[in-house]
Amino acid sequence: MKKESEKTEMDWEALAKIELQGQSSISLTWYTPEGIQIKPLYTHKDLEGRLETDSLPGFPPYLRGARATMYVNRPWTLRQYAGYSTAKESNAFFRECLAGGQRGLSVAFDLPTHRGYDSDHPRVAGDVGKAGVAIDSVEDMKRLFEGIPLDQMSVSMTMNGAVLPILAFYMITAEEQGVPVEKLAGTIQNDILKEFLVRNTYIYPPEESMRIVGDIIAYCSTAMPKFNPISISGYHMHEAGATAVQELAYTLANGLEYVRTALARGLKIDDFAPRLSFFFAIGMNFFMEVAKLRAARLLWAKLMRSFNPQNPQSLMLRTHCQTSGVSLAAQDPDNNVIRTTLEALAAILGGTQSLHTNALDEALGLPTKRTARIARNTQLILSHETGLTHVVDPLGGSFYVERLTHDLMEAALLLINEVEAMGGMTRAVEIGLPKRRIEEAATCRQIRIDEGEDIIIGVNKFKLDKEENSPLLDIDVQAVKQEQLAHLKLLKATRDQAACNSALEALKAAAKSPKENLLEATLVAARARATLGEISLALEEVYGRYKATTTPLNGVFAHNLPDQKELEVVHKDVATFIKNHGRKPSILLIKLGQDGHDRGLKVIANAFSDCGFEVTVGPLFSTPEEAADQAIRNDVHVIGVSSLVAGHKTLIPALINSLNTLKAPHIKVICGGILPAQDHAFLIQSGVSAIFTPGTPIMNMINDVLKKIA
């Protein structure tokens with residue numbers, strides 16, 4: 001005889017099938033982009049033999065939360081990732097945030113700082129102060145935190161490439177405030193592996209970069225017990241197009257690599273593991289994101305047990321979360337407030353320890369003070385007006401959430417085991433498989449958006465007839481640069497140059513000696529007022545500067561495009577072009593300046609290649625002059641520039657001027673990415689042939705390019 005619960009399920013299935021009769025396009029199941037099957041109804045049977053659903057928060061394996069009382073005792077830390085222009089301007093903004101209820105600071109650095117260049121370096125003309133704050137020296141860091149007591153403030157710094165000088169500048173700033181470094185609380189990201197996977201703000205090769213990671217963990221584990229020496233980040237993988245399974249798996253696989261790196265330094269697992277922290281993105285698949293954080297805690301505890309820790313906190317995964325940037329739409333941007341609110345709610349229900357909410361206009365440019373306040377108040381409202389802080393893990397025990405947590409964990413474990421079989425993530429990065437998998441996922445996601453399978457309100461459904469321009473924050477790069485140059489000139493004129501030179505030579509010697517700790521040597525150089533660029537260059541002279549190569553993923557776009565007739569039409573147009581011109585249409589796709597975010601560029605490269613174009617992907621971090629030279633050498637018909645609100649008003653006109661100087665005005669320049677509408681007229685007047693903003697279907701873009709070069 002069947003149990004009552006089984007009978008109820010059978011009755012529901014029968015009723016559902018009756019209701020769906022005549023609606024053949026509707027399915028009872030849905031497969032997520034991760035390949036996880038989602039049923040419309042979950043019961044206790046879906047949990048049998050799967051999860052430790054009777055576990056309690058605050059106890060291993062921490063499924064239901066890292067702390068026993070979670071937000072009942074103390075709400076999550078409210079952070080805003082901020083930094084722009086000069087240190088003085090950012091300091092004023094930080095003070096406003098703190099007065100408005102923020103309890104932690106999260107610093108965004110500009111692209112030259114990430115890449116180890118001072119503001120006066122010739123390669124960074126269009127990037128200074130544009131996507132974060134420019135920090136060239138200890139004196140800049142002191143201006144950044146002026147009037148902010150560092151012994152009372154948790155500070156998170158998103159820095160990986162130039163992590164040594166930035167951390168050293170922060171420590172010396174605290175010392176000169178009278179704050180011992182052992183009292184500092186916060187996090188330095190220091191997650192270089194994900195830079196090689198997706199974000200690309202690396203400086204040195206992987207092996208040498210991993211030494212820096214290990215030296216920082218070793219130093220902070222003894223000297224800075226309240227400070228997290230690494231934040232293992234999946235955020236940028238998500239933003240680059242990774243599925244939730246890929247983000248979860250590769251983040252934890254990176255974590256395992258860092259654990260082994262620290263153990264190789266002679267540390268014991270309990271010396272450092274309790275201070276490891278993580279960083280995840282929160283996207284729009286609400287329950288998937290809740291389950292992702294729960295699965296991360298469960299899976300990390302499982303993985304860490306193999307190292308035999310004695311302290312249960314070594315098994316604990318603590319995480320910061322940030323709402324997704326890639327889910328924000330440039331079209332009808334007020335909708336982004338709703339998206340961010342839902343993503344923030346998912347992070348809270350998933351059990352994050354701290355949270356950053358993106359501003360509604362970040363798909364258009366840097367957030368204004370008004371939109372940053374709205375983003376901050378989103379968290380304050382969730383914390384104070386909703387009752388969320390009265391119950392620990394309110395979704396615990398949900399049949400759907402618990403089963404989804406289990407399915408995510410199992411799928412992620414398969415990818416982790418694959419990476420481990422390669423010899424760990426450093427080796428996997430060298431082979432390139434995780435990077436390729438993420439690029440494939442990004443291409444598939446863009447196709448789903450273009451085809452309307454993934455609905456985005458205001459982008460591919462319920463679109464406005466006419467978009468309104470939103471007021472945006474515009475940074476005067478040249479003014480910021482001149483101020484930074486003046487600070488650098490004064491610093492170099494007043495420091496003890498002999499002491500500075502000696503410290504830099506000692507840093508080079510330390511880089512050659514595995515027994516030396518590079519953070520200790522960097523602190524000496526920073527105290528002698530060596531600049532960020534000088535410290536980075538000293539290490540570069542020993543280690544070299546890493547250069548990645550990029551090639552399109554042939555076949556991924558064409559294979560996943562549902563409408564093959566659309567592809568056939570483009571192929572016919574390309575064949576006509578070849579007949580008329582004697583060769584394939586040729587395009588150089590390029591990033592200018594120090595912006596390493598290349599998700600969009602790679603997706604476009606895959607699509608153009610599959611549609612019959614001869615595609616060259618130029619090296620990251622190219623100057624306008626280098627891009628023009630490569631375009632002429634490759635004899636391309638068009639240059640496609642990908643931008644992320646960096647120096648497009650400086651760098652793209654410089655590219656066009658270089659083409660004219662080199663007598664190649666026939667090469668057309670198109671650009672795409674986050675390009676504010678108010679800048680379009682300027683770019684067109686500068687000679688840009690076409691502008692493709694986010695939300696433009698790729699096939700439309702390809703057809704437009706073909707028409708322009710026909």
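Just so you know, residue 1 is the first one in the sequence shown, and it goes up from there.
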Novice: Are R199 and H114 packed together at the side-chain level, in the sense that at least one heavy-atom pair is separated by less than 4.5 angstrom?
Specialist: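 Yes - at least one pair of side-chain heavy atoms lies under 4.5 Å apart.
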Novice: Are side-chain heavy atoms of T173 and L150 found at a separation under 4.5 Å?
Specialist: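 The answer is yes, as the side chains (C-beta and beyond) meet within the 4.5 Å cut-off.
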Novice: With rounding to the nearest 0.5 angstrom, report the OG to CG distance, S154 to L105.
Specialist: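 Spacing of OG (S154) from CG (L105) equals 8.0 Å.
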Novice: Is the ring centre of F196 less than 6.0 Å from the ring centre of Y202?
Specialist: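 Yes: the rings meet the under 6.0 Å criterion.
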Novice: Taking all heavy atoms of P367 and all of A359, pick out the closest pair and write down the distance.
Specialist: CB-CB, 3.5 Å
Novice: Answer yes or no: is there a donor N or O on one side and an acceptor on the other, between the side chain of S324 and the main chain of V326, under 3.5 Å?
Specialist: yes
Novice: Quick one: does L293's side chain get under 4.5 Å of C321's, heavy atoms only?
Specialist: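 Heavy-atom side-chain distance check passes, below 4.5 Å.
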Novice: Assign the ring pair H236 / H597 to parallel, tilted or perpendicular, where the plane angle (0 to 90°) is split at 30° and 60°.
Specialist: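 The rings of H236 and H597 sit tilted, inter-plane angle from 30° to 60°.
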Novice: If you measure from CZ on R294 to CG on L408, what distance do you get to the nearest 0.5 Å?
Specialist: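 The CZ atom of R294 sits 11.0 Å away from the CG atom of L408.
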Novice: Could you tell me whether E239 and R599 have a side-chain N and a carboxylate O separated by less than 4.0 Å?
Specialist: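 Judged by the 4.0 Å cut-off on N to carboxylate O distance, E239 and R599 do not form a salt bridge.
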Novice: Is the Y117 ring parallel, tilted or perpendicular to the H121 ring (thresholds 30°, 60°)?
Specialist: tilted
Novice: Regarding R437 and E440, does a basic nitrogen lie under 4.0 Å from an acidic carboxylate oxygen?
Specialist: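 Here R437 does not pair with E440 in a salt bridge, since their nearest N and O are not under 4.0 Å apart.
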Novice: Can you confirm if the NZ or CZ of K649 lies within 45° of the ring axis of F682 and under 6.0 Å from the centre of its six-membered ring?
Specialist: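 Because its charged atom sits under 6.0 Å from the ring centre and within 45° of the axis, K649 does stack over F682.
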Novice: I'd like to know whether CD of E146 has more than 12 heavy-atom contacts from other residues, nucleotides or ligands below 6.0 angstrom.
Specialist: no
Novice: For F278 and W300, take the angle between the two ring planes, folded into 0 to 90°, and tell me which bin it lands in: parallel under 30, tilted 30 to 60, perpendicular over 60.
Specialist: perpendicular
Novice: Are any of the side-chain heavy atoms of D191 and L193 separated by less than 4.5 Å?
Specialist: yes
Novice: Which label fits Y71 and W76: parallel for a plane angle under 30°, tilted from 30 to 60°, or perpendicular past 60°?
Specialist: perpendicular
Novice: Minimum heavy-atom separation for F145 to N91, with atom names?
Specialist: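 Minimum heavy-atom separation between F145 and N91: C-ND2, 3.8 Å.
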Novice: Pair H356, H320 - check side-chain contact (heavy atoms from CB on, under 4.5 Å), show working.
Specialist: CA-CA 8 Å; H356 164 77; H320 169 70; 3.9 Å; yes
Novice: On a heavy-atom basis, which atom in S643 and which in H648 lie closest, and how many Å separate them?
Specialist: OG-CB, 3.6 Å
Novice: Shortest non-hydrogen contact from L360 to V337?
Specialist: CD2-CG2, 3.6 Å
Novice: Please round to the nearest 0.5 Å and tell me the distance separating atom CD1 of I674 and atom CG of D595.
Specialist: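 If I round to the nearest 0.5 Å, the distance is 9.0 Å.
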Novice: Testing the basics here: between D110 and A134, what is the closest heavy-atom pair and its distance to 0.1 Å?
Specialist: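 Residues D110 and A134, closest heavy atoms: OD2-CB, 3.3 Å.
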Novice: Can you tell if the side chain of T319 reaches within under 4.5 Å of the side chain of L317, non-hydrogen atoms only?
Specialist: yes
Novice: Salt-bridged, R143 to D140, with N to O below 4.0 Å?
Specialist: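 Answer for the salt bridge query: yes.
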Novice: Would you say the side chain of L592 lies within less than 4.5 Å of the side chain of T623, judging by non-hydrogen atoms?
Specialist: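 A side-chain contact is absent here, since even the closest heavy-atom pair is not under 4.5 Å.
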Novice: Within 45° of the ring axis of F621 and under 6.0 Å from its six-membered ring centre, is that where the NZ or CZ of R115 lies?
Specialist: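 The answer is yes; both the distance and angle limits are met.
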Novice: Tell me, do L464 and Q331 make a side-chain contact under 4.5 Å, heavy atoms counted?
Specialist: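 They are not in side-chain contact.
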Novice: Go through the steps for L167 and F227 under the test side-chain contact (heavy atoms from CB on, under 4.5 Å), then give the verdict.
Specialist: CA-CA 11 Å; L167 183 54; F227 193 81; 4.0 Å; yes
Novice: Can you tell me how far the NE2 atom of H384 sits from the CG atom of L380, to the nearest 0.5 Å?
Specialist: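 That separation rounds to 5.5 Å.
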Novice: Would a 4.5 Å heavy-atom cut-off, applied to side chains only, mark L388 and L345 as touching?
Specialist: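 Yes, close enough: below the 4.5 Å cut-off.
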Novice: Please give me the minimum heavy-atom distance between N254 and I232, naming the atom from each residue.
Specialist: CB-CG2, 4.0 Å
